[in-house]
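Let me begin by presenting the structure, written as structure tokens, before commenting on it.
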Amino acid sequence: MATTKTLDDLFLDTLKDIYYAEKQILKALPKMARAAQSEEGRAGFLQHRDETQGQIDRLEQVFEIIGKPARGKTCEAIQGIIAEGEEIMEEFKGSPALDAGLISSAQAVEHYEIARYGTLIAWASQLGLKNAIPLLQTSLKEEEATDQKLTQLAKASANPKGTKAA
Ligand SMILES: [Fe+2]
Ligand SMILES: [Fe+2]
């Protein structure tokens, strides 16, 4: 019954949500790397793909800590964000603003992940899941660093390049 659900249930639900999301992101990043026009963008997406694999491994460790099987739960939010990114890839293919658009999609993904990890850390702390906290924090820091790198890449090259007609 809904009335008996507690923070443990929310924690597990959200863990399944980000586990599903990370697996979708793992598949999306190589596509974004292939689409990127700049070498830096391509390398950045591939590097974050490798980090994402590590984040999936950490989530599996968190499932282990709470004694539950690692299972994803369909996350419509990440599906929507990734679908919008694919739309940009199609609609801006071969155009000067493509990389700026790809970066904006990637940042929407990062912000979603940052929100999820932030919540999970707060709940892990409330629930006394001490061993889960450093795992989640390591991934949160990687997401934040990725977001910052994307901002730098946009400002330094993708945005200015996007203003010029090909
Ligand atoms: Fe991630
Ligand atoms: Fe990420």
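Predicted, not measured: the structure shown is a model, and the values here were computed from it. Both ligands and their constituent atoms are indexed starting at 1 by order of listing. Note that the numbering runs from 1 along the sequence shown for the chain. Computed from heavy atoms alone, side chains included, the values below leave out hydrogens, waters and symmetry copies.
The tally of protein N/O/S atoms under 2.8 Å from the Fe ion (ligand 1) stands at 5.
Here Lys141 pairs with nothing under the salt bridge (charged side-chain N to carboxylate O under 4.0 Å, His left out) rule; sequence neighbours left out.
Judged by distance alone, the side chain of Ser157 and the main-chain N or O of Leu153 form a donor-acceptor pair under 3.5 Å.
Among residues at least two apart or in separate chains, ring pair (Phe, Tyr, Trp, His ring centres under 6.0 Å) pairs with a member in residues 16-38 are Tyr19-Phe63.
Between the side chains of Thr151 and Gln107, at least one donor N or O sits under 3.5 Å from an acceptor N or O.
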Could you pull out every donor-acceptor pair under 3.5 Å between side chains of residues 30-44 and any protein atom, sequence neighbours left out?
{"residue": "Gln37", "atom": "OE1", "partner": "Lys161", "partner atom": "NZ", "Å": "2.8"}
{"residue": "Gln37", "atom": "NE2", "partner": "Ser95", "partner atom": "O", "Å": "3.2"}
{"residue": "Ser38", "atom": "OG", "partner": "Gly41", "partner atom": "N", "Å": "2.9"}
{"residue": "Ser38", "atom": "OG", "partner": "Asp99", "partner atom": "OD2", "Å": "3.4"}
{"residue": "Glu39", "atom": "OE1", "partner": "Arg42", "partner atom": "NE", "Å": "3.2"}
{"residue": "Arg42", "atom": "NH1", "partner": "Ala36", "partner atom": "O", "Å": "3.4"}

Audit row: Asp147, Glu113, side-chain contact (heavy atoms from CB on, under 4.5 Å) steps and yes/no: CA-CA 10 Å; Asp147 181 48; Glu113 295 180 291; over 6 Å; no
